[in-house]
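Lettering follows sequence order; numbering is per chain, from 1.
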Protein chains: 2
Amino acid sequence: MGLTKSDIFTEEQNHLAQMAKVLAHPARVAILQYLIKVNQCICGDLVNEIGLAQATISQHLRELKSAGIIKGNIEGTSVCYCIDPKVWKDIQQLFDGFFNANPQCQSDDCC
Amino acid sequence: MGLTKSDIFTEEQNHLAQMAKVLAHPARVAILQYLIKVNQCICGDLVNEIGLAQATISQHLRELKSAGIIKGNIEGTSVCYCIDPKVWKDIQQLFDGFFNANPQCQSDDCC
DNA sequence: TTTATTCATCGTAATATTGCAATATATAAT
DNA sequence: ATTATATATTGCAATATTACGATGAATAAA
C-alpha cells in the first residue's frame, strides 16, 4: 500500500491534487513568492534567501519545474529561473474553479 | 531528516502549504467536490461514491476535519459532514491572494 | 591548463503518507 | 439483551517526501 489509487479519480481531481501537492511545502511556496517579487533569480539566490542547503533547493526547483510552474534558462554557469505565466494562470483558474464550484455553499452552514 | 523546517518560513507560507497539503490527494478533492454538490452527506455515502475502504475514507475525513474545512455533526449512528463555509472562504482568499500577488508576472515571460 | 563558480544528481537517513483489515465504540432496532 | 448499522481507531506494510553531504558536470576566470 502507500500508493494513491489515481485510477478511481477523474483527471481533474488528480490534476488539482497534483498541483496542490507542488504547493504543499513552504519552501516551494517561498520560492514562488520570491520569484513573483523579483521576477527572476538563480538557485544561489534562493539558497541565501531561504536558508536550506543547495541540494535541497535544487530538489524543490526540480519539482516546480517538472510541474511546469517554473522555467529554467541556462546562462553561463548559473540557471535563471522564472515563473511560466501561462501555467501560472492555468493553475490559478483550476483552483478558482474548484473554490467557486458552488458559491451557495460558501454562504451558510449545512448541518 | 525528512522533517520540514517550518521555523524558517513565514506563518503565511506554512499555512498556505498546509492547506495545499490537505488538497494534495484526489480522494480529499473528491470528498470536497461531492460535499459541494450534495451539500451534506455521511461517511458511507462517500465510501459508495469514491470506492475506497471505509477506514480510508474516515482517515481522509479526519484530515479535512482537523484542517477545519469540514464539520461533522453526530446524528444517531451516522455523522453528517458538510463544508464549513467560513473556512472555505478563508482558504479561497488565501490561494487567491497568492496567485494574484503580482498580476504583472502572469502576463509575460521573464527569461 | 588550472581553479573557481554554479547547479544537478546520487546516496542515505529520518519521517510522513496511503490504504486496508481488524477491532472498538456508540446508537438504533428487534 | 441481542443484533444491526455507522463510524472511528489501531496496527501494519508499502511507498513517498524531506533534507543534506558528497560528488559530478559544465562554464568562466586566472
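- H60(B) places its NE2 atom 16 Å from the P atom of dT7(D), with the value rounded to the nearest Å.
- Distance K65(A) NZ to dT9(C) C1': 13 Å, rounded to the nearest Å.
- For T77(A) and T56(B), each mapped to the nucleotide of DNA chain C holding its nearest heavy atom, the one lying further toward the 5' end belongs to T77(A).
- Note: OH (Y81(A)) to C1' (dA8(C)) measures 8 Å, nearest angstrom.
- Summarising the geometry of G51(B) relative to I8(A), their closest heavy-atom pair is O-CD1, 4.1 Å, with the distance given to 0.1 Å.
- For the pair I57(B) CD1 and dA6(D) P, the computed distance is 15 Å after rounding to whole Å.
- Between C82(B) and N39(B), every side-chain heavy-atom pair lies at or beyond the 4.5 Å cut-off.
- Between I70(A) and D84(A), the closest side-chain pair of non-hydrogen atoms is not below 4.5 Å.
- Rounded to an integer number of Å, the gap from CG of L52(A) to C1' of dG21(D) is 14 Å.
- The base of dA8(D) lies close enough to the side chain of Q54(B) for a donor and an acceptor atom to sit less than 3.5 Å apart.
- Of all the heavy atoms in V87(B) and A67(B), the pair that sits closest is CG1-O, 4.4 Å.
- At whole-Å resolution of the value, CG in N73(B) and P in dA6(D) are 18 Å apart.
- Ranked by how close their nearest DNA chain D nucleotide is to the 5' end, A55(B) and A24(A) are led by A55(B).
- For the pair G44(A) and K21(B), both in contact range of DNA chain C, the more 5′-proximal nearest nucleotide belongs to G44(A).
- Considering only side-chain N and O atoms, R62(B) lies nowhere under 4.0 angstrom from the phosphate OP1 or OP2 of dA8(D).
- If you take CG of L64(B) and P of dT7(D), they are 15 Å apart, rounded to a whole angstrom.
- Residue contacts shown for I74(B) are absent, as no nucleic acid heavy atom lies under 4.0 Å away.
- The side chain of T4(B) sits closest to dT18(D) out of dC20(D), dC20(C), dT18(D).
- For dC20(D), the OP1/OP2 oxygens have a side-chain nitrogen or oxygen of K5(B) closer than 4.0 Å.
- Inter-residue side-chain proximity for L23(A) and R28(A) is flagged as unmet; no heavy-atom pair is nearer than 4.5 Å.
- Look at CG on L3(A): it is 7 Å from P on dT15(D), rounded to the nearest Å.
- Residue-level contact check: S78(A) touches the backbone only, with heavy atoms under 4.0 Å from sugar-phosphate atoms and none from bases.
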